[in-house]
J.: 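Please see the structure below; I have some questions.
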Protein chains: 2
Amino acid sequence: MLPLEKEHITNIAYDTVIFGFTGDKLKILILEYQNSGLFALPGGFIRRDENLYDAVKRGVRERTGLDKIHLEQFHTFGKKNRDSAYPFKKIAAGKGYPITSDHWVLDRFITVGYYALIDYNQVKPTPDKFSDSIAWHSIDKLPPLMIDHEEIVEKAIEAIRNDLGKKPIGTNLLPKKFTMKELQKVYEIILNKEFRRTTFQRKMLSLDFLKRHEKLYTGAANKAPYLYSFDESKVEKE
Amino acid sequence: MLPLEKEHITNIAYDTVIFGFTGDKLKILILEYQNSGLFALPGGFIRRDENLYDAVKRGVRERTGLDKIHLEQFHTFGKKNRDSAYPFKKIAAGKGYPITSDHWVLDRFITVGYYALIDYNQVKPTPDKFSDSIAWHSIDKLPPLMIDHEEIVEKAIEAIRNDLGKKPIGTNLLPKKFTMKELQKVYEIILNKEFRRTTFQRKMLSLDFLKRHEKLYTGAANKAPYLYSFDESKVEKE
DNA sequence: TATTATTGTATCAATTTGATACAATAACAA
DNA sequence: TTGTTATTGTATCAAATTGATACAATAATA
């Protein structure tokens, strides 16, 4: 039996899949625990006086430095064998905080999965107190992750795919102003499917949520593309 | 501080929105606690040695008598004020099982919402040990529900609406064989939107997951409709 | 055999999407 | 200045999908 825990609620945690877009790849933030060779999603526990959503938001803020982020809950993982006693002990010992084997964090946990969409260029990834590094990894070549974290990532991608077109996904992965080509790339990577340039452009413009701005002169020897932004008043319909 | 609990994990529970279709209404099962005037969704706790999914399945089996049911997780509710101390005490006292105020069930709970789709005509609704009755209620006129259960129902309907067309929703709400008119009614009620009969029929047939069977002679003075069933081998594409 | 309420399809128009073509650049080189 | 090159933004016509309407094919019954 575990000792009582006063600060957090027990048996439940959250994990976040934090997505960023580099211009041609979708990446997520992965923690690495030194002295253990273990990789994991950023996650945490919920304080007794804190809403679940606020706990997740706090965690994402701590890892990324960002406050305004698009957070979406997508699935709760509740298989009975998803405890992390072994890695936790190893990590804690490695960090010089050995924990007794009846510590509450070693009990069974159900975890709520959230995904976050952020502007890649605005993030300062910061490791948590148990990990030594946090880094971006392309979703198509992740290191082997702890427990069921690979399944969590899978489900997150499914969810984002499902939400694209319903929720302002592009808005949050791209900078304020972007080209049509970048927007198309976001759609293509998320849906894992290529689009015909002309049809995509016509479709996006017809949906009437893009505002056109000045042109972007990159120095390339060809016609400069327009920059677009999402028209806030219409983005709900995306 | 609460005493230890050995059989269940704490701070986390589940609630189920069990949908049935009567032919022209979508209904859900609601428990009523006598001596309290309180209505609630069927729910329960998760045993330490039990997968979350299995706990929910067990609960639905106990309330409906059905074993093969379509269960889908849709959202987890984690606001900090969603404890049910007051109603729980009232209910337990009314049932003659007074509980001490430090009992684990009175602590804060995060709940995982699942919806179930079942064949209305096959169910034998059975109340749980704390409630005196369980009954079908149309989703458009529910009694006032406990805590945030109305929000849970809302989210369940949103989810089912979202899943229609992706998951075999119709399959589970209708009997094995059904008419095109019944199928259309299911779509209309879930999406809260009417369809043109001819377009709907053409669309459904073109999707190629319906098998046509014998005609249904109801005794009405008009052409008898065909009965259809979902072609199991193709229903994934629905 | 006519009547009535539905059901299952066919038909043609309207809309959306797919495929292709082409004019309009922005930088640079001759 | 004038070509050249790689893109970008639209126009155009064909193909596919959906909307609207019409109508033939019944089941029961008078």
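In what follows, chains carry the letters A, B, and so on, assigned in the order in which the sequence lines appear, proteins first and then strands, with residues in each chain numbered from 1.
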J.: Measure NE2/A:H213 against P/D:dG9 and give the value in whole Å, please.
T.: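 To the nearest whole Å, that distance equals 14 Å.
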J.: Looking at the base of C:dG8, is there any donor atom on it, or on the side chain of B:R212, that sits under 3.5 Å from an acceptor on the other one?
T.: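 No.
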J.: Report yes or no: is there a donor-acceptor pair, N or O only, under 3.5 Å between the side chain of B:R197 and the base of C:dG8?
T.: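 Donor-acceptor pair under 3.5 Å: yes.
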J.: Sequence neighbours left out, what pairs pass side-chain hydrogen bond (donor to acceptor under 3.5 Å, both in side chains) with at least one residue falling in residues 209-222 of chain A?
T.: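 Passing the test, one end in residues 209-222 of chain A: A:K177-A:E214, A:R212-A:Y228, A:H213-A:S229.
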J.: With a cut-off of less than 4.0 Å, is there a side-chain N or O of B:K181 near OP1 or OP2 of C:dT6?
T.: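 No.
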J.: Do we see a donor-acceptor contact under 3.5 Å between the side chains of A:H149 and A:E151?
T.: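 Short answer, no.
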J.: Would you kindly give the CD-to-C1' distance between A:E182 and D:dT8, to the nearest whole Å?
T.: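 Spelled out: CD on A:E182 to C1' on D:dT8 is 14 Å.
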J.: Could you check how far CZ of B:F200 sits from P of C:dT7, rounded to whole Å?
T.: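 It is 13 Å, rounded to the nearest whole Å.
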J.: Assess, by modelled atom type and distance only, whether the side chains of A:Y114 and A:D15 contain a donor and an acceptor separated by less than 3.5 Å.
T.: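 Result is no, nothing qualifies.
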J.: Can you give me the closest heavy-atom contact between A:I46 and A:I12, atom names plus distance?
T.: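 Smallest heavy-atom distance, with atoms named: CD1-O, 4.0 Å.
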J.: Rounded to the nearest angstrom, tell me the gap between atom CD in B:Q201 and atom P in D:dT21.
T.: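 Nearest whole value for this atom pair: 18 Å.
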J.: Using the closest heavy atom to pick a nucleotide of DNA chain C for each, name whichever of B:L205 or A:Y217 lands nearer the 5' end.
T.: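 First, find each residue's nearest nucleotide; the 5'-ward one identifies B:L205.
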J.: Rounded to whole Å, please give me the gap between CZ in B:R202 and P in D:dA20.
T.: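 Roughly 11 Å, once rounded to whole Å.
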J.: Which nucleotide in the set D:dT21, D:dG9, C:dG18 lies at the smallest distance from any side-chain heavy atom of A:R196?
T.: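 Nearest to the side chain of A:R196 among the choices is C:dG18.
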J.: Nearest to the A:T199 side chain among C:dG8, C:dG18, C:dA26, which nucleotide is it?
T.: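 Closest of the options to the side chain of A:T199: C:dG18.
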J.: For A:K203 and for A:K215, find the nucleotide of DNA chain C with the closest heavy atom, then tell me which residue's nucleotide is more 5'.
T.: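 Taking each residue's closest nucleotide, the earlier one in sequence belongs to A:K203.
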J.: Just the rounded figure in Å: distance from P of C:dT6 to CG of B:L227.
T.: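 In whole Å, C:dT6 P and B:L227 CG are 18 Å from each other.
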J.: What I want to find out is whether B:D140 reaches B:K25 closely enough, with some N-O distance under 4.0 Å, to be called a salt bridge.
T.: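 Yes, this pair counts.
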J.: In whole angstrom, give the distance that lies between atom CG of B:L183 and atom C1' of C:dT7.
T.: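 Atom CG in B:L183 sits about 15 Å away from atom C1' in C:dT7.
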J.: Please verify the inter-ring angle class for A:F230 with A:F178; under 30° counts as parallel, over 60° as perpendicular, anything in between as tilted.
T.: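 Rings of A:F230 and A:F178: tilted, 30 to 60°.
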J.: Round to a whole Å and report the spacing from CD of A:E214 to P of C:dT25.
T.: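 After rounding, the gap between these two atoms is 17 Å.
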J.: Can you give me the N/O atom pairs linking the protein to nucleotides 1-6 of chain D at distances under 3.5 Å, or say none if there are none?
T.:
from	atom 1	to	atom 2	distance (Å)
D:dT5	O2	A:A221	O	3.1

J.: Scan B:T198 against the nucleic acid and name what it touches under 4.0 Å (heavy atoms): base, sugar-phosphate only, or nothing.
T.: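 Since a base atom lies under 4.0 Å of B:T198, the category is base.
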J.: Is there a side-chain contact (heavy atoms from CB on, under 4.5 Å) between B:R61 and B:L66? Walk through the geometry before answering.
T.: CA-CA 5 Å; B:R61 192 190 313 120; B:L66 296 179; over 6 Å; no
